[in-house]
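The block underneath contains the structure these notes are about, expressed in structure tokens.
Convention: sequence-line order gives letters A, B, ...; per-chain numbering from 1. Everything numeric here is computed off the predicted structure, so don't read it as measured data.
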2 protein chains.
Amino acid sequence: MHLSRRLRNERADIELSDSQFSVLAYLVRTGAHTPNELSVWEHVTPPSMNRTINALEAAGLVARTPDASDGRKVFVTATENGCAVVKETRRRRDAWLHSRLSALTPDERRTLEEATVILRKLVAP
Amino acid sequence: MHLSRRLRNERADIELSDSQFSVLAYLVRTGAHTPNELSVWEHVTPPSMNRTINALEAAGLVARTPDASDGRKVFVTATENGCAVVKETRRRRDAWLHSRLSALTPDERRTLEEATVILRKLVAP
DNA sequence: TGGGGTCATTAGCCAAGCTAATGAGTTAGG
DNA sequence: CCTAACTCATTAGCTTGGCTAATGACCCCA
């Protein structure tokens, strides 16, 4: 129906920064985390992460819920809408990547695949 | 003498942003350019490039010289000091990279080399 | 010789990082 | 058991490096 159209339009409106998308995708992938955990994961300071969370929350893509067992803590989770944004963005990225990769020979693709393994070793040995 | 020590200290003081270093290195590599040319090369707007040039000029790493044949234009060139900064930074980067690359097998290094060629094709076909 | 275009630059906005400070809540030591 | 120290999240306010709009000098063509 026109719900999917609405979704598209809404997403077109929303422009996420790299760090915002990164946090959102991380939440979708790994579930709820506290702001502190997120700041460590993203290598930014807690206030910076707080700002990122605020933006995502204002856009309705994540929600804060208090931790029942520790009043200081807060859990941040991706909303249904947030999951949808990640899924759709990934779909578009994959489409782009696929169109570029299809211009390569199978041999070239294999070389790239091996390279990613080596690069991973290089950066985090 | 202690001139080299002073150089090091001065360089330690100076913290160049990525875009500043990129412009400086480009000038060292390719000689004088106008601000406009630099902004096109770096994919930023002329005012942004102007700000970058100002910072480099204030640090004594580049100099502006008017174009004799066209009063609107200005040439930006790396100073001797700017060349030294680029050379030293490259030296340190190369040292780091070399230490990481030497942990790889020759086969792995060859794979990486081939991958860079393919990636270049992929990004700018 | 004057009017449209090109260049560098200035002014001022915004996003996203940072440090320092605050306040609520937890925990450990006496 | 209670207080002092710590741990979170959050707020306040700074800095940097992008941006657009505006300005002023200058070139060139008709």
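When the side-chain nitrogen and oxygen atoms of A:Thr34 are compared with OP1 and OP2 of D:dC8, none of them lie within a distance under 4.0 Å. The phosphate of C:dG17 has OP1 or OP2 within less than 4.0 Å of a side-chain N or O from A:Thr52. Look at A:Ser48 and you'll find a side-chain N or O under 4.0 angstrom from OP1 or OP2 of C:dC18. Between D:dG17 and B:Ser17, a contact under 4.0 Å exists linking OP1 or OP2 to a side-chain N or O. Remark: A:Gln20 is not in phosphate contact with C:dA15, judged by side-chain N or O atoms under 4.0 Å from OP1 or OP2. For A:Asn50, no side-chain nitrogen or oxygen approaches OP1 or OP2 of D:dA9 to under 4.0 Å.
Annotation: cation-pi pair B:Arg92/B:Phe21 absent, no NZ/CZ under 6.0 Å from the ring centroid and within 45° of its normal.
Atom pair A:Arg72:CZ and D:dA5:P shows a separation of 17 Å (rounding to whole Å applied). The interatomic distance linking B:Arg64 (CZ) with C:dA8 (P) rounds to 10 Å, in whole Å.
For the pair A:Ala68 and A:His43, both in contact range of DNA chain C, the more 5′-proximal nearest nucleotide belongs to A:His43.
Taking every side-chain heavy atom of B:Thr45 into account, D:dC19 is the closest of D:dT11, D:dC19, D:dG18.
Base engagement by B:Pro46 is indicated by at least one non-hydrogen atom pair under 4.0 Å involving a base atom.
Salt bridge A:Arg91/A:Asp94: absent, no basic N to carboxylate O contact under 4.0 Å.
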